[in-house]
2 protein chains.
Amino acid sequence: MVKFTEMNAKELEEKKEILLKKYEDFKNMNLKYDMSRGKPCKEQLDLSMKMMEITDYMSSDGVECRNYGGLDGLLEARELFGEILGANADEVLVGGNSALNMIYDTIERAMNFGVLPGEIPWGKLPKVKFLCPSPGYDRHFAICELFGIEMIPIDMNLDGPDIETIEKLVGSDEAIKGIMCVPKYSNPDGITYSDHIVDRLAQMETKAKDFRIIWDNAYVVHDLFGEGDKLKNIFEACKEAGHEDRVFMYISTSKITFPGAGVAAMATSKENLKEIKKKLSIQMIGPDKMNQLRHVRFLKDMEAIEAHMKKHAEIMKPKFSTVLNTLSAELDGKEIAWWNKPNGGYFISLNTLDGCAKEVIKMTADAGVIMTPAGATYPYGNDPRDRNIRIAPSFPSVEELKNAMEVFCTCIQIVSINKLLLK
Amino acid sequence: MVKFTEMNAKELEEKKEILLKKYEDFKNMNLKYDMSRGKPCKEQLDLSMKMMEITDYMSSDGVECRNYGGLDGLLEARELFGEILGANADEVLVGGNSALNMIYDTIERAMNFGVLPGEIPWGKLPKVKFLCPSPGYDRHFAICELFGIEMIPIDMNLDGPDIETIEKLVGSDEAIKGIMCVPKYSNPDGITYSDHIVDRLAQMETKAKDFRIIWDNAYVVHDLFGEGDKLKNIFEACKEAGHEDRVFMYISTSKITFPGAGVAAMATSKENLKEIKKKLSIQMIGPDKMNQLRHVRFLKDMEAIEAHMKKHAEIMKPKFSTVLNTLSAELDGKEIAWWNKPNGGYFISLNTLDGCAKEVIKMTADAGVIMTPAGATYPYGNDPRDRNIRIAPSFPSVEELKNAMEVFCTCIQIVSINKLLLK
């Protein structure tokens, strides 16, 4: 493949003419695909329908799940999620349908009431800052922005966020109160933090005594290829380092069972949990235990969950392969785009030449292919190099994906040529 | 029946001796009843099990309820709850399992971000006050207390809260930002606000431009006796008075279907809803639509809901009657206790002689009958006359209730005699 960067203006113009014709043909197909979010497809939803066959709502330990009570969730649910997250049942809180909502509530409580040890409400401080490994999850950034938390982007390397910079910042700035992490199959890069990074996050000295790691383990069992990545247990690492209260871990079954109708859980130290439950007992009476019991009966244990996730993988793998194969066939060696090949998760992250992402997304949208807005993967929606694009292959069919990715690759080439011609 | 207040010391001492013997007999029965909360009983839970027979999760308007999406809830759920609350579907937000959590979120957002028109966060003001009709719902008071909102108790009359005082206060004090109301079968008095009170709440001039009525319509369809009380639609009254944004209305199905596993909804003006949804879209992706669809298919429409609630009433009525009959048989005419006879709801509220409630609750607890803590029905847990007791008849069986109420009546008499002997 010829590198676009080595073509002269005439060659680029000729290439562009061919591509523009192709683009017009795509436009005339009136495509209508939505690849903007990591949304499971119908076949994945069908995998969990057996869950609905439950008829008895009495828990193993004799709790009537159809009635009030049990602020921290069913014991058997806490045991199961504890196993997934690497925590004891008494370090787990099983909640409603949304881990994102649990993260929102965590930040809300920290702002209004503070966290251990000092419990000074963050909202009373002149400035609160969070480190945001970027590209990252737009919804994390939106929560920070809503509460006026200043976000500091941290570069993502292949083994996780730039830990040197993190250590330097948290060691010197007391206003830095936390870091937002999707540590396994990160959104969107699909990167899993190395043991080394996990250890240093757990061990590092922080100027803020109430520093917190928001550990959104959204893709903890979402392996696709090979053995899958292994993520070190940060909670144990924090305990060993004497920073037991540092980490809040989250998970939901939205991408295991039913998106938006699953069960979310968090795990943290017993001391943190005690503080949280004081507030939670005022916020609500208890979570939906019927849904928790349905989930526990269906998901059973780690072995059964892994078998279940293999079925998800069988549906997802051809889709990821379609995206990766099309990217390879259309863009390999042209030096205009670079992308990761994750072992799991929900996304493929692609970087264009600087200053091209927004224009690419606009062009694909004009041809009926809606992708995640450019910039969404950075704090304040601001990708400083305007180059990162998140590809979400889960929802469309393989056939649709093939079309969509061809449109996408065509747009990348056209926009890149325009960029190169300007030089 | 002889009035205790007219007995002399000797007569009282004799009476007390008999009662103390009776009390010791109860103690020896090792009773263990929990009447502390308005918790439905097993027979009530069984009424809704047919809901679980649903197999198809596609909504009438073609929404796949098993997947992400739909921040404000299913259209057919918004229509149904709109009908119950007296609002249009586009004025309704259908959420998770807890109306209390929706109220918490409302107050949290008001504190952090403000409400229309000014959107000055209440948390930035030197002082925020709420009017709290008392006795009232302890969980409302707990939310105010958590957020540092100063609570001003307002007396409850037979037609609702003391509106003269309310009008005077809200008309002169800009720091008063809202009022907490359970307008139908109020918790614990079982009082339904009269049309006149509803109108004046809707029409009154408030010094605070962003004054809000928290209208927790928890017992909106929970009639027990006769025709049931009729509550005027405050939302319409607010619209007519030009105060469309004044009221937030809430409901959940916790006491219609499954406590803690039901569906909650709120209704308010479209302008308020627009503001709420801006924040909510950051807090969460969407509610559990599978549970919403289950509920809509089962509850169908107002007629079906009324028929369903009649079944609840058949279970509840003998319990309320047992409590009321025992109170009458044991306490009528003695001038030591006064109670209401509600047409619906979950509670019977009783007033003892001043300064007796705490001691009565302690004595019943010592005999194995746990009732709502004295004081819980007042802001800060402080019943200034220490006289109000909330009786929750729903959970125990009729047989258990009979025993429990006899213990209770015995304790009231003993404590009252002690009080009278001190004079």
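Below, chains carry the letters A, B, ... as their sequence lines are ordered, and counting in each starts from 1. Basis for what follows: all heavy atoms, side chains included, without hydrogens, waters or symmetry-related copies. Just so it is clear, the model here is predicted, and its values are computed rather than measured.
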(Q) Going by the rule side-chain hydrogen bond (donor to acceptor under 3.5 Å, both in side chains), which residues pair with A:T257 if we only count those two or more places apart in sequence or in a different chain? (A) A:T253, A:H295
Q: Count the heavy-atom pairs under 4.5 Å between each of A:K255, A:Q292, A:K278, A:M111 and chain B, then report the option with the highest count.
A: A:K255
Q | Per-residue contact mode, A:S48 against chain B (heavy atom under 4.5 angstrom) | A | neither
Q: Pick one of side chain, backbone, both or neither for A:E108, based on which atoms fall under 4.5 Å of a heavy atom in chain B.
A: side chain
Q: Would you mind checking which part of A:F395 comes under 4.5 Å of any heavy atom in chain B, side chain (CB onward), backbone (N, CA, C, O), both or neither?
A: side chain
Q. Which of residues 120-127 of chain B have a heavy atom under 4.5 Å from any heavy atom of chain A?
A. none
Q.
Quick check on A:F258 against chain B: is it the side chain, the backbone, both or neither that has a heavy atom closer than 4.5 Å?
A. both
Q. Sequence neighbours excluded, which residues qualify as side-chain hydrogen bond (donor to acceptor under 3.5 Å, both in side chains) partners of A:Q44?
A. A:H312, A:Y346
Q) Of the listed residues (A:G148, A:S254, A:G262, A:C41), which shares the most heavy-atom pairs with chain B below a 4.5 Å separation? A) A:S254
Q) How would you list, in number order, the residues of residues 61-73 of chain A that have a heavy atom less than 4.5 Å from chain B? A) A:E64, A:R66, A:N67, A:Y68
Q.
Using a 4.5 angstrom heavy-atom cutoff, name the option from B:A99, B:G96, B:P287 with the most pairs to chain A.
A. B:P287
Q.
Once rounded to the nearest 0.5 Å, what's the spacing between atom CG of B:N97 and atom NZ of A:K289?
A. 9.0 Å
